[in-house]
Engineer: 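This is the structure I want to talk about, given as structure tokens.
Only this structure's heavy atoms are used, side chains among them; waters, hydrogens and symmetry mates stay out. Every number for a ligand or one of its atoms is a count from 1 in the order of the listing. No experiment lies behind these values; they were computed from the predicted model shown.
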Amino acid sequence: MYTPICEKLGIEVPIFAFTHCRDVVAAVSRAGGFGVLGAVGFTPEQLEVECSWIDDHIGDHPYGVDLVIPGKYEGMGEMDPAKLEEQLRALIPEQHRQFAAKLYSDHGVPELPEGDRHHELLGWTAATATPQLDAALGHEKVRLIANALGTPPADIVDRIHGAGRLVAALCGKIHQAKRHKEAGLDLIIAQGTEGGGHTGEIGSLVLWPQVIAAAAPVPVLAAGGIGTGAQIAAAMALGAAGVWTGSLWLTVQESECPPAQVESLLAAQSTDTVRSRSFTGKPCRMLRNEWTDAWERPDAPAPLGMPLQGMVTMDAVVRSHRYADKAQPVAFNPVGQVVGQINEVRSVREVMRTLMEEYVEATERLQSLTAGA
Ligand SMILES: Cc1cc2nc3c(=O)[nH]c(=O)nc-3n(C[C@H](O)[C@H](O)[C@H](O)COP(=O)(O)O)c2cc1C
């Protein structure tokens, strides 16, 4: 499974793990893969704390940080985070706030304690992601910065390269991959529709080879629907330089997901996810529940664009995490279709070991077919 990207990053196997949990980042990198910390939910100060913790627990291994700077969003151009938040807040209709609040109160999800205020606008914009980038680049072991939802702006690509790190970005369409290549990115992640989180409409098996062809010679990581080593072998057979996984890490022992959320994920089948704009404003794959159904009803307000819808739902997202046991019917549970293959809690080390064993079994199976021909 050793590909040139392993050499570039100093890792043993090209298994990339996207996660919001620092423990998972450190454990994956220590197990020979490459942990990537999703920064979107952290203030720059919190991100600084998370990266320092990872630095202390990851040994000599590298890791990555993932930002979300969409190619298109409301308020683009305003680079002062406080001004932008104020400007955006004025654009949110009261109807949306009331609809979201009522869904949570109708389901008995407790309110956050008085005085426990949180920013409504986190890393969904260039203004808010730039201070996150500053924090990430201050940490030597951060060897890769990835961006979701678009090609990172040229000045950001230059800054990352200037700091001697690699830049990657996700895509769900061929033309997005071409744009990433033209922008000089080092690595492109092709995510098929089955993937968790923001995702497009093209299935992995169809998307991956087209992106690989369009991006060449830029290496491509295959994402969306990978839960076993045989699926990794399929991606490598198509020419991927490695795999980028997300859902797989939500239910590991080291994950910070609340137990009620883990139970929902372990119980879910591959048919239980839906692409919905109801939490963030862009199509995002998550567990279908009464919240996602409610936003589809004819009397529901149409979800706003990004980042406005995310500002409307930030309170719900925080409450769904804090009061996970009460919130499951309306909780934010982003996950891919691969959730149907995830049925038990395992340690990161066990998941990594199993992936490698299954990969070897799958490649041997193929070789035995060739040998028999
Ligand atoms: C809970 C969750 C949150 C995610 N958030 C982000 C994100 O903030 N940034 C990003 O680049 N990708 C995000 N993704 C997508 C992952 O990076 C990855 O591409 C995807 O999970 C791969 O598909 P899989 O879920 O089938 O493994 C998220 C995925 C999940 C499951």
Side-chain angles (χ1 to χ4, degrees), residues 15-21 24-25 28 33-42 47 64-71 122-125 128-129 132 144-152 167-172 176 180 185 187-200 202-205 207-208 211 220-228 231-232 234-235 240 242-252 255-258 261-262 264-265 268 270 273 275 279-280 282-287 306-307 310 317 320-321 331-342 351 355:
I15 299 177
F16 290 68
F18 172 91
T19 170
H20 295 109
C21 308
V24 178
V25 171
V28 168
F34 191 84
V36 181
L37 183 70
V40 73
F42 297 120
L47 184 62
V65 169
D66 176 280
L67 308 172
V68 182
I69 307 178
L122 290 175
W124 302 110
T125 68
T128 46
Q132 293 175 332
L144 173 87
I145 302 287
N147 188 52
L149 301 179
T151 306
V167 194
L170 284 85
C171 72
Q176 295 166 342
H180 291 343
L185 302 199
L187 196 54
I188 295 175
I189 301 140
Q191 174 168 327
T193 186
E194 48 271 69
H198 292 110
T199 199
I202 308 174
S204 287
L205 206 60
L207 180 74
W208 295 340
V211 169
V220 174
L221 301 179
I226 289 177
T228 67
Q231 286 161 325
I232 298 179
V243 294
W244 175 280
T245 53
S247 298
L248 198 50
W249 311 103
L250 294 169
T251 53
V252 291
S255 157
E256 286 161 13
C257 284
Q261 183 183 10
V262 171
S264 298
L265 295 169
S270 290
T273 71
R275 273 170 87 239
F279 272 105
T280 69
K282 287 191 191 281
C284 179
R285 189 172 296 286
M286 60 191 74
L287 287 188
M306 182 175 274
V317 170
S320 96
H321 191 80
F332 182 39
N333 280 329
V335 72
Q337 292 175 343
V338 76
V339 71
Q341 291 175 227
I342 303 171
V351 173
L355 289 176

Engineer: State, yes or no, whether a side-chain contact exists between Gln337 and Arg285 at a heavy-atom distance under 4.5 Å.
Structural biologist: yes

Engineer: Under 3.5 Å, is there a donor on one side chain and an acceptor on the other for Gln261 and Ser264?
Structural biologist: no

Engineer: Answer yes or no: is there a side-chain heavy-atom contact under 4.5 Å between Ser255 and Thr19?
Structural biologist: no

Engineer: Looking at residues at least two apart in the chain, or sitting in another chain, which of them share a ring pair (Phe, Tyr, Trp, His ring centres under 6.0 Å) with Phe332?
Structural biologist: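 Per chain and number, Phe332 pairs via ring pair (Phe, Tyr, Trp, His ring centres under 6.0 Å) with Phe279.
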
Engineer: Using atom types as modelled and distance alone, determine if a side-chain donor or acceptor of Gln191 lies under 3.5 Å from a backbone N or O of His198.
Structural biologist: yes

Engineer: If you define the side chain from C-beta out and look only at heavy atoms, does anything of Ser247 sit under 4.5 Å from Val339?
Structural biologist: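 Ser247 vs Val339: side chains apart.
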
Engineer: Show me the short polar-atom pairs for ligand 1: any N or O of it lying under 3.5 Å from a protein N or O, with distances only.
Structural biologist:
unit_1: ligand 1; atom_1: 9 (N); unit_2: Asp66; atom_2: OD1; d: 2.8
unit_1: ligand 1; atom_1: 11 (O); unit_2: Asp66; atom_2: OD1; d: 3.2
unit_1: ligand 1; atom_1: 11 (O); unit_2: Asp66; atom_2: OD2; d: 2.7
unit_1: ligand 1; atom_1: 17 (O); unit_2: Trp244; atom_2: NE1; d: 2.9
unit_1: ligand 1; atom_1: 19 (O); unit_2: Gln191; atom_2: OE1; d: 2.4
unit_1: ligand 1; atom_1: 19 (O); unit_2: Trp244; atom_2: NE1; d: 3.2
unit_1: ligand 1; atom_1: 23 (O); unit_2: Gly224; atom_2: N; d: 3.4
unit_1: ligand 1; atom_1: 25 (O); unit_2: Gly196; atom_2: N; d: 3.0
unit_1: ligand 1; atom_1: 25 (O); unit_2: Ser247; atom_2: N; d: 3.1
unit_1: ligand 1; atom_1: 25 (O); unit_2: Ser247; atom_2: OG; d: 2.5
unit_1: ligand 1; atom_1: 26 (O); unit_2: Gly225; atom_2: N; d: 2.7
unit_1: ligand 1; atom_1: 27 (O); unit_2: Gly246; atom_2: N; d: 2.9
unit_1: ligand 1; atom_1: 27 (O); unit_2: Ser247; atom_2: N; d: 3.4

